[in-house]
Number of protein chains: 2
Amino acid sequence: MVTVEHNAAVAVELVVFTVLDEQLAVLAAVRQVMPFRNRLELPGGFLLPDEDLPEAAERELWEKTRIESARVYLEQLGTYASADRDPRGRVVTVAYLALVPGMSADLTGGSALTEGGRTHEQDDGEDGPELPEERAAEAEWVPADELLDDPDSLAFNHHRILGDGVERVRARLEYSSLGTLFCADEFTIGDLRKVYEAVWDTTIDPRNFHRKVSGTADFVVETGRVTSGEGGRPARLYRLGDVTVLNPPLRRPA
Amino acid sequence: MVTVEHNAAVAVELVVFTVLDEQLAVLAAVRQVMPFRNRLELPGGFLLPDEDLPEAAERELWEKTRIESARVYLEQLGTYASADRDPRGRVVTVAYLALVPGMSADLTGGSALTEGGRTHEQDDGEDGPELPEERAAEAEWVPADELLDDPDSLAFNHHRILGDGVERVRARLEYSSLGTLFCADEFTIGDLRKVYEAVWDTTIDPRNFHRKVSGTADFVVETGRVTSGEGGRPARLYRLGDVTVLNPPLRRPA
DNA sequence: GCAAAAGTGTTTAGCTTACACCCATGT
DNA sequence: ACATGGGTGTAAGCTAAACACTTTTGC
């Protein structure tokens, strides 16, 4: 068997989005080692032997956030290999986009993450091997706008990767029903509208949005239950439907 | 300076499309070495030291096809690293999509490419430059349909990469003016329509297409010249315009 | 004249937008 | 009663699909 010569260190990096406090938020951690020590970075790590790329992305997501992949959408975002992007040598990074629920009670209750603050992530040893040169940092949700506004807020070329991720998730919400993944298991159409408004950073007419969503077959399915005590007429509760591609799309304003 | 351990061989692969004979065609070469000897493969090669990914893609395009990057569109398509995709070891492949003109006289005349699968056309005397690499084969244009229909027609996982490439170029034509890159320097709106029909494998109403293209600002710009002797009323000739994003898009039929 | 391809006009249908208006709850 | 958010109705405007029709060449 002929073998090939390895010429790079391949890593995966995650751009994990959620919607918290009606804002698009991304998962970032304070980097503990040089280079870029004390700078925020996107979670990620090197590919393990015999590991596929989606596998590696799922593993990193679990290790860094304890988020199960069941309710998570993962999609390859792009690959970055600028020779000068990592001062330590030749690193090729495959970035993945991940969308996780933000309003879900079980997520905020059952994970080590806190909203807008820092919390310790317990490393109870049953997961994969710790990377030798990188200690686990505390991951936290940071508003995407905050990081986008300052090109030096993130380590390496992560600012560019984040920018690509934001553009991708904004486009995905136009042409797919993936926005429902940011909601809890049951949600109102108003909840979903707030997700769209957060990601697109715009306002949407509630009446037209309601008609569009409820009129698209299988976008959302009624559960029969309604909300109560939210300060207005009770809203019908929905679960996400089967449709992933919206036709016609929900165009965002120019 | 800390260094990182290399854990994979990173390569770039090209899905080079053109439109020949009113068909979407892709560049492929007969593989000369094991594994997958005598199978068709997409052109590509390993990343060189200190080389960026777009650089490597441009270099491979030039080495394999002698196509200058001036009139070529290059875009990252995706990265593939299935552990079993290459029997020789751990290979991570970054695939690039390339669009090159197909009706251009200088392309068909000055390259070593043949049109229409394995059948040589008229370049009997001028065999084209022998490619310097030892395992380089003669690249040829193959109709994309032909390869898509047979999952075993291509080496490695190239069939899947080609499928992703076809889907990408079809989507690009909806939302961008990149279809003009498949045309010669000067082209008629009918030429452009034939490009769309070839890529989408459909028929388009010539009148509505004409109105749509000529009515979109900067999609195409008139040269003032017209065709003659094409068997009908002379058509105005156009060059590609500045616009890359079509708003509203040119939707393909479902 | 006739075929063929280019280009224009017109009708119809579907979708989006803006907004008037009603519904059902908490206080 | 009134504020608040949920939900429906409707008319105007834009876009695309379908197709009748005119234009300009080669034969």
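Order of the sequence lines sets the chain letters (A, B, ...), proteins ahead of strands, with each chain counted from 1.
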**OP:** Write down the distance between CG (A:D205) and C1' (D:dA12), rounded to a whole number of angstrom.
**Re:** 15 Å
Original post:
Base, sugar-phosphate, or nothing for A:P253, non-hydrogen atoms under 4.0 angstrom?
Top reply: nothing
Original post:
Pick the nucleotide of DNA chain D nearest each of B:E230 and B:L250; which residue has the one closer to the 5' end?
Top reply: B:L250
**OP:** Confirm from the modelled atom types if B:R233 and C:dA6 form a donor-acceptor pair under 3.5 Å, side chain to base only.
**Re:** yes
**OP:** Salt-bridge test for B:D185 and B:R71: reply yes if a basic N is under 4.0 Å from a carboxylate O, no otherwise.
**Re:** yes
Original post:
Of the nucleotides C:dT16, D:dT25, C:dA6, which has the atom closest to the B:A235 side chain?
Top reply: C:dA6
**OP:** Return the nearest nucleotide to the side chain of A:R211; candidates are C:dT25, D:dT10, D:dC19.
**Re:** D:dT10
Original post:
Of B:P249 and A:I189, whose closest DNA chain D nucleotide lies nearer the 5' terminus?
Top reply: A:I189
Subject >> A:R252 CZ to C:dT16 C1', straight-line distance once rounded to whole Å >> reply: 17 Å
**OP:** Mind calculating the distance between CG (A:L246) and C1' (C:dC15) to the nearest angstrom?
**Re:** 15 Å
Original post:
Between C:dA6 atom P and B:E222 atom CD, what is the distance in whole Å?
Top reply: 14 Å
**OP:** Look at B:H210 and C:dA6 and indicate whether a side-chain polar atom (N or O) is within less than 4.0 Å of OP1 or OP2.
**Re:** no
Original post:
Is the count of non-hydrogen atoms from other residues, nucleotides or ligands lying under 6.0 Å from B:R160 atom CZ greater than 12?
Top reply: no
**OP:** Return the value, rounded to whole Å, for the distance between atom CD1 of A:I204 and atom C1' of C:dC19.
**Re:** 17 Å
Original post:
Does the side chain of A:R193 get closer than 4.0 angstrom to OP1 or OP2 of D:dG6 through an N or O atom?
Top reply: yes
Original post:
Counting only heavy atoms not in B:R168, do more than 12 fall under 6.0 Å of its CZ?
Top reply: yes
**OP:** Measure distances between side-chain N and O atoms of A:R207 and base N and O atoms of D:dG9, and say whether any donor-acceptor pair falls under 3.5 Å.
**Re:** no
Subject >> Residue from B:T79, B:T93, B:V12 passing side chain to side chain contact (heavy atoms under 4.5 Å, CB included) with A:T79 >> reply: B:T79
Original post:
Which whole-number value in Å describes the distance from A:N208 CG to D:dG9 P?
Top reply: 14 Å
Original post:
In whole angstrom, what separates A:L192's CG from D:dG7's P?
Top reply: 12 Å
Original post:
What is the distance from CZ of B:F209 to C1' of D:dA18, rounded to the nearest Å?
Top reply: 17 Å
Subject >> Distance test, side-chain N/O of A:R236 to OP1/OP2 of D:dG7, below 4.0 Å >> reply: yes
Original post:
Quick check: are there more than 12 heavy atoms from other residues, nucleotides or ligands sitting under 6.0 Å from CZ of A:R251?
Top reply: yes
